Amino acid sequence: MKKKILVGLFSLTLLVGCSNNEEPKKEEAKQEKKQVTQDTKKSTDTKKEEVKQNKDLTKKVKEEEGVIDGQVYMQDGTAVGTLVLDKKVSKEDAKKLAEKYAEELKSTYKDKKINVQAVKDGKNVANITKK
């Protein structure tokens, strides 16, 4: 009989002791969620400028021989061109292509900073910046 009472008390003590630890975790989770929400709101409030794609130049880039994918867009006052190149494109041709689009972006966006990057086989083969 004493064993049953002791086992019962011991089980009850464990149950009560474990349940006390869960409330702070729930409270911490609520605080974390609140902090993430506040941080997200701050980051969207301080967002300088949205990304705006230049569809005509993007189409032109994608039509280039050796270009798998690409995009031209404006972000934070900078005109950006990205070129994803086929493995068969030489490094020299990649740099020429990046330079061609850097010049075209400079003529289109005269007062903006220009950045054109060419990537081939996962590696950056050209990175051109003009001010």
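The shown structure was predicted, so the numbers you read here are calculated from the model rather than taken from an experiment.
At a threshold of 4.0 Å, the pair Glu64-Lys59 does not count as salt-bridged, since none of the basic side-chain nitrogens sits closer than that to a carboxylate oxygen.
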**Asked** Does the pair Ile128 and Ile114 meet the rule for a side chain to side chain contact (heavy atoms under 4.5 Å, CB included), with working shown?
**Response** CA-CA 8 Å; Ile128 300 169; Ile114 307 298; over 6 Å; no
**Request:** Apply the test salt bridge (Lys or Arg N to Asp or Glu O under 4.0 Å) to residues Glu99 and Lys130: give CA-CA distance (whole Å), side-chain angles for both, the deciding distance (0.1 Å), then the verdict.
**Result:** CA-CA 10 Å; Glu99 186 63 44; Lys130 294 182 180 269; 3.1 Å; yes
**Request:** Start with the C-alpha gap between Gln117 and Asn124, add the side-chain angles, then the distance that decides, and say whether side chain to side chain contact (heavy atoms under 4.5 Å, CB included) holds.
**Result:** CA-CA 7 Å; Gln117 296 179 357; Asn124 194 338; 4.2 Å; yes
**Asked** After noting the C-alpha distance and the side-chain angles of Lys52 and Tyr73, does the key distance pass the side chain to side chain contact (heavy atoms under 4.5 Å, CB included) rule?
**Response** CA-CA 5 Å; Lys52 183 163 172 46; Tyr73 57 94; over 6 Å; no
**Item:** Candidate pair Val89 and Leu97, rule side chain to side chain contact (heavy atoms under 4.5 Å, CB included), full reasoning
**Value:** CA-CA 10 Å; Val89 176; Leu97 198 55; 5.7 Å; no
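Remark: Asn54 CG to Gln71 CD distance equals 10.0 Å, nearest 0.5 Å. Between atom CG of residue Asp69 and atom CG of residue Leu83 there is a gap of 9.5 Å, rounded to the nearest 0.5 Å. Summarising the geometry, atom CG belonging to Asp86 is positioned 4.5 Å from atom CD1 belonging to Ile68; distances are rounded to the nearest 0.5 Å.
Using a 4.5 Å heavy-atom threshold, the side chains of Val72 and Asp56 count as separate.
Crowding of Lys95 atom NZ: a count of heavy atoms from other residues, nucleotides or ligands under 6.0 Å not exceeding 12.
In plain terms, the two heavy atoms of Ala94 and Ala126 that are nearest each other are O-CB, 4.3 Å.
The cluster map of Ile, Leu, Val, Met, Phe, Trp and Tyr, joined by side-chain heavy atoms under 4.5 Å apart, puts Val119 and Val116 in different clusters. Hydrophobic clustering (side-chain heavy atoms under 4.5 Å, transitive across Ile, Leu, Val, Met, Phe, Trp, Tyr) keeps Val84 apart from Val80.
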